[in-house]
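Working notes, structure below.
Lettering follows sequence order; numbering is per chain, from 1. If you're wondering where the values come from, they're calculated on a predicted model, not measured in any experiment.
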Number of protein chains: 2
Amino acid sequence: MAVLDSVDRTLLRLLQNDATMPLAELADAVNLTTTPCWKRLKRLEEDGILRQRVALLDPVKLGIAFTAFVQVKTSNHSQDWFNHFVSTVTEFPEVMEFYRMAGEYDYMMKVQVADMQAFDNMYKKLVASVSDLTNVTSTFAMEPLKYTTALPV
Amino acid sequence: MAVLDSVDRTLLRLLQNDATMPLAELADAVNLTTTPCWKRLKRLEEDGILRQRVALLDPVKLGIAFTAFVQVKTSNHSQDWFNHFVSTVTEFPEVMEFYRMAGEYDYMMKVQVADMQAFDNMYKKLVASVSDLTNVTSTFAMEPLKYTTALPV
DNA sequence: ACTGAAAACAGGCCTGA
DNA sequence: TCAGGCCTGTTTTCAGT
């Protein structure tokens, strides 16, 4: 867990909003010239703090704007079951997020699909591929109010 | 909702994984020369399908690896309350996702913070800023198993 | 010796034909 | 598709602290 000064944090904030920002602009924003700014970016990349730069798409325009959350309880807590479960779920491209949880339910995943029918297909594939699911409950998003990939740095 | 051919979809898939991929490589991957490939990218941007390019950071290395989900019920369903609630929650930088939900709970948000104590601070601020919350329940991620921003195109 | 500035170099982008 | 100009990233060298 690295130690960052306020210049690093400003750079990260800017890049989290727009990864295409040219080096000269970034340097300007933190009152540096390009070379020292570039060295900071390289260091942040090498340290693995800057993981990757990705394109974000519009789910509405792509017709994949239906979001569901699936919560799962299991009766099987063996390592083998866990490995199989994790690799099965992870391979679904519709599964955007997946967590082992504390509390009532053992696992939760966020699923992004076209519509309720597409969700049901995915759901049926899931329960067919994994055994020992004692309880599976789904909730649905009616309206997305915020979605950001920018961590609070 | 745009109509995309398989070349467009391949380009989107590649850019969702690595937005820094040079034009020449993208063109190569879809068996085009740079010019027609570049025109496709421009069109995808203009159509708003390619929304933005962002940097993704490592929450563990930044010490913000604690994920909580907060579910909320309200007794107040007026437009004014909704506006105030949404703007309040949206302004929290720790809130990464926020949905109006169908079912048992009216709203759900995903919160990303340093630790349980940071979560509790955020929680207290939230319930202090918003009235008429009849039920607020939090669940915690023990282990992230998958996180992707890449939509299944 | 370290940090930052400036200038030269290289490479990718974008637009004509 | 190709070729050219332009802009941006990258490297190196130099100066100041």
Side-chain angles (χ1 to χ4, degrees), chain A residues 1-62 64 148-153, chain B residues 1-64 147-153:
Chain A
M1 185 180 132
V3 38
L4 305 175
D5 63 16
S6 82
V7 172
D8 286 331
R9 264 191 281 273
T10 303
L11 292 174
L12 291 176
R13 252 193 304 273
L14 292 169
L15 287 173
Q16 282 194 116
N17 281 323
D18 181 6
T20 68
M21 192 174 279
L23 180 62
E25 261 181 63
L26 288 169
D28 230 44
V30 294
N31 292 315
L32 286 175
T33 53
T34 55
T35 310
C37 183
W38 182 83
K39 281 178 184 162
R40 280 173 184 268
L41 296 179
K42 275 292 153 223
R43 210 199 60 232
L44 290 167
E45 275 173 32
E46 271 159 32
D47 292 352
I49 292 169
L50 256 166
R51 276 201 307 126
Q52 51 176 351
R53 290 147 199 255
V54 301
L56 299 184
L57 311 185
D58 186 327
V60 174
K61 297 224 164 88
L62 288 166
I64 336 177
T148 182
T149 57
L151 293 169
V153 291
Chain B
M1 187 178 131
V3 39
L4 304 175
D5 64 16
S6 83
V7 171
D8 287 331
R9 263 191 282 272
T10 303
L11 291 174
L12 291 176
R13 252 194 304 273
L14 291 168
L15 288 173
Q16 280 193 117
N17 281 322
D18 181 6
T20 69
M21 193 174 280
L23 178 62
E25 261 181 64
L26 289 168
D28 230 43
V30 294
N31 293 316
L32 285 176
T33 52
T34 55
T35 310
C37 183
W38 181 81
K39 280 179 185 160
R40 280 174 183 267
L41 295 179
K42 273 292 153 230
R43 209 199 61 230
L44 291 167
E45 275 172 34
E46 270 159 32
D47 292 353
I49 292 169
L50 256 166
R51 273 200 308 125
Q52 52 176 351
R53 290 148 199 254
V54 301
L56 299 183
L57 311 185
D58 186 329
V60 174
K61 297 225 164 86
L62 289 167
I64 338 177
Y147 175 80
T148 182
T149 56
L151 293 169
V153 292

Open item on the list: Closer than 4.0 angstrom, basic N to acidic O: yes or no for B/R40 and B/D8?
Closed with: yes
Task: Side-chain donor/acceptor contact of B/T33 with base of D/dC2 under 3.5 Å - done: no
Open item on the list: Can a donor-acceptor pair be found, under 3.5 Å and without considering hydrogens, that links the side chain of B/D47 to the backbone of B/I49?
Closed with: no
Open item on the list: Counting the atoms with a prime plus P, OP1 and OP2 as sugar-phosphate, which does B/L23 contact under 4.0 Å by heavy atoms, base, sugar-phosphate, or nothing?
Closed with: sugar-phosphate
Open item on the list: Please classify the nucleic acid contact of B/T34 as base, sugar-phosphate, or nothing, using heavy-atom distances under 4.0 Å.
Closed with: nothing
TODO: Mind calculating the distance between CG (B/D28) and C1' (C/dG12) to the nearest angstrom?
DONE: 15 Å
TODO: Find the distance A/L15:CG to D/dG9:P and express it as a whole number of Å.
DONE: 11 Å
Task: Proximity to the side chain of A/P36 - top-ranked nucleotide from C/dT15, C/dG4, D/dT12 - done: C/dG4
Task: Salt-bridge contact A/K42-A/E45 (side-chain N to carboxylate O under 4.0 Å) - done: yes
- [ ] Compare the minimum distances between each of D/dT10, D/dG9, C/dG16 and the side chain of A/W38, then state the nucleotide with the smallest one.
- [x] D/dT10
Task: Most 5' of A/M21 and A/K39 on DNA chain D, judged by nearest nucleotide - done: A/M21
TODO: Compare the minimum distances between each of D/dT11, C/dC13, D/dC2 and the side chain of A/T35, then state the nucleotide with the smallest one.
DONE: D/dT11
Task: Flag side-chain contact, heavy atom, 4.5 Å: B/P36 against B/K39 - done: no
TODO: Nearest whole angstrom, please: distance from the C1' of C/dC2 to the CZ of A/R40.
DONE: 14 Å
- [ ] Report the distance from atom CG of A/L26 to atom P of D/dT8, rounded to the nearest whole Å.
- [x] 12 Å
Task: Residue B/K42, side-chain heavy atoms: nucleotide from C/dC14, C/dG16, C/dA6 that is nearest - done: C/dC14
- [ ] Measure from CD on A/E25 to C1' on D/dG9 and round the result to the nearest Å.
- [x] 14 Å
